[in-house]
Student: 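Attaching a single structure in structure tokens format; questions to follow.
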Amino acid sequence: MISGTPPGHAPAIELRGASKVFRTPSGASHTAVRDLDLTVEQGEFVAVVGPTGCGKSTTLTLVSGLEEPTDGEVLVGGEQVTGIRPEVGFVFQQDAVFPWRTVLSNVMAGPRFRGVPRAEARERARDWLGRVGLASFADRYPHQLSGGQRKRVALAQTFVCDPAILLMDEPFSALDVQTRALMSDELLELWGGSHGGRAASVVFVTHDLEEAIALADKVVVMTAGPATVKQVFPVRLPRPRKVEAVRLEAEFVEIYREIWSSLGEEVRITRERGASRVA
């Protein structure tokens with residue numbers, strides 16, 4: 001669903017020459033991302049792929065406001081990011097749940113922290129638990145759920161706050177193949193009706209190229225670290241999509257081959273660097 005940005009409206013996300021340098025425990029400097037230029041339009045679903053450790057997750061933390069760029073600019077809705085913004089939702093690789101709270105209480109937490117009255121927060125939480133198929137699990141605790149159910153809780157936790165921007169850092173990587181496909185389909189369905197009926201703008205980090213193509217409007221390939229954008233590939237597969245079905249289409253295979261020719265080079269560079277350090 002590439003909606004494009006209407007005239008006079010800023011893109012949802014812009015990174016302009018963004019770089020991030022960290023200090024290591026030894027006092028040395030480590031550049032995670034360098035001269036990064038990236039634009040995400042309003043309502044656009046963007047997948048980011050790249051070699052392990054290249055800086056994909058750092059890109060998300062810059063957009064979220066959890067980290068500040070060392071150089072360059074990060075903008076959300078045309079405004080410079082100076083801290084955590086309420087319209088940005090973040091789904092982490094690890095479940096961000098309170099183990100001592102029930103499923104319902106976990107989903108209520110976000111609205112309550114934002115000052116929503118308890119009764120309204122409870123109503124919203126129950127609505128979203130219904131949407132993710134967990135209405136009958138509202139009084140369970142996280143340890144009583146399967147991995148897929150916990151991911152559904154994470155989605156409900158995020159969507160209940162009606163984010164305009166959704167950042168996702170390998171959210172389904174720990175799931176088995178079948179559950180992962182089901183969760184991807186569920187994500188696409190929820191995304192289409194998010195943010196008051198308008199699709200949120202999504203940045204989805206993944207190591208799975210097939211997952212990236214099946215979900216996204218465009219796939220961004222990052223270079224071997226320090227990361228910068230190498231190439232951007234549009235994905236013109238029609239929506240709505242079912243992940244397992246779309247993977248069988250001839251156009252899907254063609255897109256995969258095209259992107260892998262670019263991504264594979266960066267993966268090889270990363271492996272060669274690792275081998276040389278060991279040697």
Side-chain angles (χ1 to χ4, degrees), residues 13 15 20 22 32-33 36 38 40 44-67 84 88-97 132 142 145-159 163 165-191 194 200-230 232-233 235 241 243-244 246-247 256 259-260 262-264 266-267 270-271 274:
I13 299 168
L15 292 96
K20 181 62 183 179
F22 293 99
V33 298
L36 182 58
L38 177 63
V40 179
E44 191 174 33
F45 197 125
V46 176
V48 178
V49 297
T52 300
C54 75
K56 300 183 296 297
S57 296
T58 299
T59 302
L60 294 187
T61 61
L62 292 176
V63 175
S64 70
L66 292 170
E67 296 282 355
I84 297 172
V88 178
F90 205 138
V91 180
F92 297 92
Q93 186 173 358
Q94 300 298 323
D95 300 322
V97 295
V132 300
L145 304 179
S146 68
Q149 288 171 329
R150 288 169 68 101
K151 285 301 176 188
R152 286 187 170 89
V153 173
L155 291 179
Q157 281 179 307
T158 303
F159 280 110
I165 292 173
L166 182 58
L167 309 177
M168 309 189 77
D169 191 2
E170 296 189 69
F172 307 143
S173 60
L175 302 177
D176 63 78
V177 174
Q178 293 84 1
T179 304
R180 190 167 182 160
L182 290 172
M183 290 302 303
S184 294
D185 284 338
E186 192 157 343
L187 170 61
L188 288 178
E189 185 175 345
L190 294 174
W191 167 65
S194 64
S201 306
V202 181
V203 182
F204 187 101
V205 165
T206 179
H207 279 102
D208 186 331
L209 182 53
E210 288 191 9
E211 181 178 59
I213 298 168
L215 292 172
D217 294 313
K218 69 184 181 188
V219 176
V220 176
V221 176
M222 296 285 218
T223 62
T228 193
V229 173
K230 180 181 182 181
V232 178
F233 296 87
V235 178
R241 299 177 192 165
V243 169
E244 289 304 306
V246 78
R247 288 175 176 173
Y256 184 98
I259 299 176
W260 177 248
S262 178
L263 175 60
E266 303 307 313
V267 172
T270 300
R271 287 178 177 170

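Heavy atoms only: backbone and side chains are in, while hydrogens, waters and symmetry mates are out.
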Student: Going by heavy atoms in the side chains, are Val205 and Glu170 under 4.5 Å from each other?
Tutor: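 Yes, their side chains come closer than 4.5 Å.
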
Student: Any donor-acceptor pair under 3.5 Å linking the side-chain atoms of Glu67 with those of Thr58?
Tutor: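 No, no side-chain donor-acceptor pair sits under 3.5 Å.
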
Student: Side chain to side chain contact (heavy atoms under 4.5 Å, CB included) for Ser184 and Leu215? Distances and angles first, verdict last.
Tutor: CA-CA 7 Å; Ser184 294; Leu215 292 172; 3.9 Å; yes

Student: Decide side chain to side chain contact (heavy atoms under 4.5 Å, CB included) for Ser201 and Glu44; before the verdict, give the C-alpha distance in whole Å, the side-chain angles of both, and the deciding distance to 0.1 Å.
Tutor: CA-CA 5 Å; Ser201 306; Glu44 191 174 33; 5.6 Å; no

Student: Between the main-chain N or O of Ser146 and the side-chain N or O of Gln149, is there a donor-acceptor pair closer than 3.5 Å?
Tutor: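 Answer holds: yes.
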
Student: Can you label the angle between the Phe45 ring and the Phe204 ring as parallel, tilted or perpendicular, going by 30° and 60°?
Tutor: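 Phe45 vs Phe204 ring planes: tilted.
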
Student: Please give me the minimum heavy-atom distance between Ala216 and Val235, naming the atom from each residue.
Tutor: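 Of all heavy-atom pairs spanning Ala216 and Val235, the closest is O-CB, 3.4 Å.
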
Student: For Val63, which of Val40, Val203, Leu15, Leu38 qualifies under side chain to side chain contact (heavy atoms under 4.5 Å, CB included)?
Tutor: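 Per the side chain to side chain contact (heavy atoms under 4.5 Å, CB included) rule, the option paired with Val63 is Leu15, out of Val40, Val203, Leu15, Leu38.
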
Student: Would you indicate whether the side-chain heavy atoms of Val221 and Ile259 approach each other to under 4.5 Å?
Tutor: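 Contact flag for Ile259/Val221 side chains = yes.
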
Student: If I take atom CG from residue Leu66 and atom OG from residue Ser57, how far apart are they, to the nearest 0.5 angstrom?
Tutor: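 These two atoms lie 11.5 Å from each other.
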
Student: Please report the C-alpha distance between Ile213 and Arg247 in whole Å, then the side-chain angles of each, then the deciding distance to 0.1 Å, and finally whether the side chain to side chain contact (heavy atoms under 4.5 Å, CB included) criterion is met.
Tutor: CA-CA 9 Å; Ile213 298 168; Arg247 288 175 176 173; over 6 Å; no

Student: Decide yes or no for Leu155 and Lys151: does some side-chain heavy atom of the first lie under 4.5 Å from some side-chain heavy atom of the second?
Tutor: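 Side-chain contact under 4.5 Å: no.
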
Student: Can you name the residues that form a side-chain contact (heavy atoms from CB on, under 4.5 Å) with Thr158, not counting sequence neighbours?
Tutor: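 Only Val91, Pro163, Leu166 meet the side-chain contact (heavy atoms from CB on, under 4.5 Å) criterion with Thr158.
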
Student: If we check side chain to side chain contact (heavy atoms under 4.5 Å, CB included) with Val219, which of these qualifies: Val48, Val49, Val46?
Tutor: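 The single option meeting the side chain to side chain contact (heavy atoms under 4.5 Å, CB included) with Val219 is Val49.
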
Student: Would you say that Val243 contacts Arg180 through its side chain, given a criterion of any heavy-atom pair below 4.5 Å between the two side chains?
Tutor: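 Val243 vs Arg180: side chains apart.
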
Student: Checking side chain to side chain contact (heavy atoms under 4.5 Å, CB included) for the pair Ser173/Gln93: CA distance, chi angles, key distance, verdict?
Tutor: CA-CA 7 Å; Ser173 60; Gln93 186 173 358; 3.2 Å; yes

Student: Do Met168 and Leu187 have side-chain heavy atoms sitting under 4.5 Å apart?
Tutor: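 Yes, close enough: below the 4.5 Å cut-off.
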
Student: Find the distance between CD1 (Ile13) and CG (Leu62) and round it off to the nearest 0.5 Å.
Tutor: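 If I round to the nearest 0.5 Å, the distance is 11.5 Å.
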
Student: Quick one: closest heavy-atom pair of Arg152 and Val132, and the distance?
Tutor: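 Nearest heavy atoms, Arg152 then Val132: CD-O, 2.8 Å.
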
Student: Is it the case that the side chain of Arg241 and the backbone of Leu188 share a donor-acceptor pair, with hydrogens and angles ignored and the cut-off at 3.5 Å?
Tutor: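 Side chain of Arg241 to backbone of Leu188: no pair is present.
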
Student: List the atom of Val246, the atom of Ala214, and the distance in Å for their closest heavy-atom pair.
Tutor: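 Closest approach of Val246 to Ala214: CG1-CB, 3.9 Å.
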
Student: Quick one: does Tyr256's side chain get under 4.5 Å of Glu210's, heavy atoms only?
Tutor: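 Touching, per the 4.5 Å side-chain cut-off.
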
Student: If you take all heavy atoms of Pro51 and Ala224, which pair is closest and at what distance?
Tutor: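 The answer is CG-CA, 4.0 Å.
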
Student: Can you check whether Leu60 reaches Phe92 side chain to side chain, under 4.5 Å on heavy atoms?
Tutor: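 No, side chains not in contact.
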
Student: What heavy-atom pair brings Leu175 and Thr179 nearest, and what distance separates the two atoms?
Tutor: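 Heavy-atom minimum between the residues: CD1-CG2, 4.0 Å.
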
Student: Please tell me if the side chains of Val33 and Lys56 come closer than 4.5 Å, counting only heavy atoms from C-beta onward.
Tutor: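 With C-beta onward as the side chain, the pair stays apart.
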
Student: State, to 0.1 Å, how close Leu263 and Gly50 come at their nearest heavy-atom pair, and which atoms those are.
Tutor: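 Taking Leu263 first and Gly50 second, the nearest heavy atoms are CD1-CA, 3.7 Å.
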
Student: Provide the full list of salt bridge (Lys or Arg N to Asp or Glu O under 4.0 Å) pairs with a residue in residues 220-230, sequence neighbours left out, each pair given once.
Tutor: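 Found Lys230-Glu265, Lys230-Glu266.
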
